[in-house]
Amino acid sequence: MEVPILKQGDVLIATFQAALSDADLNHLRGGLVRQVVKHRSRGVIVDVTAMDVMDSFASRTLREIAHMIRLRGAETVIVGIQPEVAFAMVQLGLTLEGVATALDLEEGLAYLIQKFKSVEQRE
Amino acid sequence: MAKRESSPKDLGASTNQGVELTRSEAQSELLRELVAHLRQNRNQLREEWVGRISETRLLTAMTKEEIFAEATSVYDSYVEALETETFEALQAYARNLSERIIPRGVETHEVVGIVLLLRDVLARSLFAKYQTDFKKLNRILDAYEPAANRIANTVAVGFVQERERVIRQQQEAIRELSTPVLQVRERLLILPIIGVIDPQRARQLTEQLLRGIRTNRAKVVVIDITGVAAMDVTVANHLVQTVEASRLLGATVIVTGLSPEIAQTLVTIGVDLGKMNTVGDLQGGIEQAERLLGYKVVTLAEPR
């Protein structure tokens with residue numbers, strides 16, 4: 001199942017519709033990293049609300065996505081991790097270090113807009 | 001009951017299988033005789049038993065009439081268990097009895113005490129009945145003792161199990177009550193923790209907190225552990241995990257009120273202080289949370 005990537009202003013939004021296979025995750029990573037430069041996006045939101053299991057591959061891929069996108073010049077935020085999933089993840093030691101997280105899409109957007117503002121102020 | 005037959009005093013009789021078999025039948029016969037005897041003398045023995053109970057000052061939480069009523073039904077179940085050699089009915093009765101008397105403050109030693117008293121009263125009546133025929137007394141006791149001991153065991157275990165069930169229930173109730181997740185400002189939760197945290201309670205705290213973050217859309221959480229004197233390594237690790245899980249939901253956690261002992265524990269397990277946001281007391285924690293959320297508290301007028 002492919003993950004649709006939507007463009008919303010300066011931000012790309014990828015919403016997981018269901019649990020994904022490893023191949024789907026790799027595909028998503030490729031798609032996001034390519035499109036972030038193609039659309040000159042400044043932020044990426046990955047919405048994982050629909051995921052009720054997060055294994056080590058998925059969480060590693062999410063971290064890779066975030067780090068690759070930073071190298072491509074944009075910010076990433078992971079949104080919608082379920083409470084049970086979050087606790088299971090930390091117990092497995094999958095803490096998504098160095099990756100921004102937010103409660104849901106709305107919070108994620110607010111986070112990115114805040115981030116853009118602070119970058120503009122610095123410039 | 002077969003086990004008893006190898007006891008030293010039976011050695012002479014149990015040298016071959018055939019004898020054992022007949023003896024086993026004889027034993028049920030004896031048990032029947034015994035039950036008949038106990039039925040016959042029901043009133044007298046029961047009264048004697050109740051007398052012994054009040055003498056030894058057991059069951060002081062209950063009135064005399066109540067003791068008598070309970071004693072009657074215990075006596076009957078006791079004889080029935082002896083007769084049928086099945087203990088399920090007695091077990092059920094013991095549980096039911098425990099349910100009724102535990103709230104009245106009856107202690108374990110009292111329950112064990114009264115059952116042992118009944119055993120003794122009955123044994124004495126057997127002594128009295130068969131005092132002329134020592135051999136028969138011996139055989140009757142062989143049949144009686146194992147059954148009586150098992151009954152005592154069943155009742156005591158039933159009582160203790162019931163107590164444990166009550167304790168578990170209460171623990172659960174306390175746990176439910178003891179994990180309040182409170183919203184003090186828009187997007188700011190506080191979680192005051194008081195008392196001892198065991199791994200199970202820690203787990204529940206985490207679940208409630210994560211759910212609270214989601215439902216209240218919290219950005220900042222202040223966990224106040226002023227009321228926690230110490231925590232072991234497992235729970236400390238759990239606290240760190242809770243902080244990380246909250247971050248995955250997009251909330252920042254501030255931990256306040258760490259006691260010196262807990263600070264020691266956290267240092268010992270080598271917690272990454274970059275992840276832990278700690279402030280000395282609850283007030284400081286709330287102030288920092290307000291700063292993070294962009295609130296500014298100003299005094300509008302001089303306090304009167």
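Note on naming: letters A, B, ... go to the chains in the order of the sequence lines (proteins, then strands), and numbering restarts at 1 for each one.
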J.: Suppose a student defines contact as a heavy atom less than 4.5 Å from any heavy atom of chain B. Which residues in residues 37-64 of chain A would they list?
T.: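 Expected list: A/T49.
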J.: Under 4.5 Å heavy-atom distance to chain A, tell me which part of B/L209 shows up: side chain, backbone, both or neither.
T.: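 Neither the backbone nor the side chain of B/L209 comes within 4.5 Å of chain A.
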J.: Return yes when atom CD of B/Q264 has more than 12 non-hydrogen atoms of other residues, nucleotides or ligands closer than 6.0 Å, and no otherwise.
T.: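 At most 12 heavy atoms, drawn from other residues, nucleotides or ligands, come within 6.0 Å of this atom.
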J.: For residues 66-99 of chain A, give me every residue with a non-hydrogen atom less than 4.5 Å from any non-hydrogen atom of chain B.
T.: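 Residues A/I81, A/Q82, A/P83, A/A86, A/F87, A/M89, A/V90, A/Q91, A/L94, A/T95, A/L96, A/E97, A/V99 are the ones that qualify, each having a heavy atom under 4.5 Å from chain B.
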J.: Enumerate by number any residue of residues 244-258 of chain B whose heavy atoms lie under 4.5 Å from heavy atoms of chain A; in the absence of such residues, state 'none'.
T.: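 Residues B/E244, B/A245, B/R247, B/L248, B/L249, B/G250 are the ones that qualify, each having a heavy atom under 4.5 Å from chain A.
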J.: Just checking heavy atoms, which of residues 27-36 of chain A are less than 4.5 Å from chain B?
T.: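 Expected list: none.
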J.: Please check if atom CD in A/E120 has more than 12 non-hydrogen atoms from other residues, nucleotides or ligands closer than 6.0 Å.
T.: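 Yes - once you tally the heavy atoms of other residues, nucleotides and ligands closer than 6.0 Å, there are more than 12.
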J.: How about CD on B/Q183, more than 12 heavy atoms from neighbouring residues, nucleotides or ligands closer than 6.0 Å, or not?
T.: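 Count over threshold, so yes.
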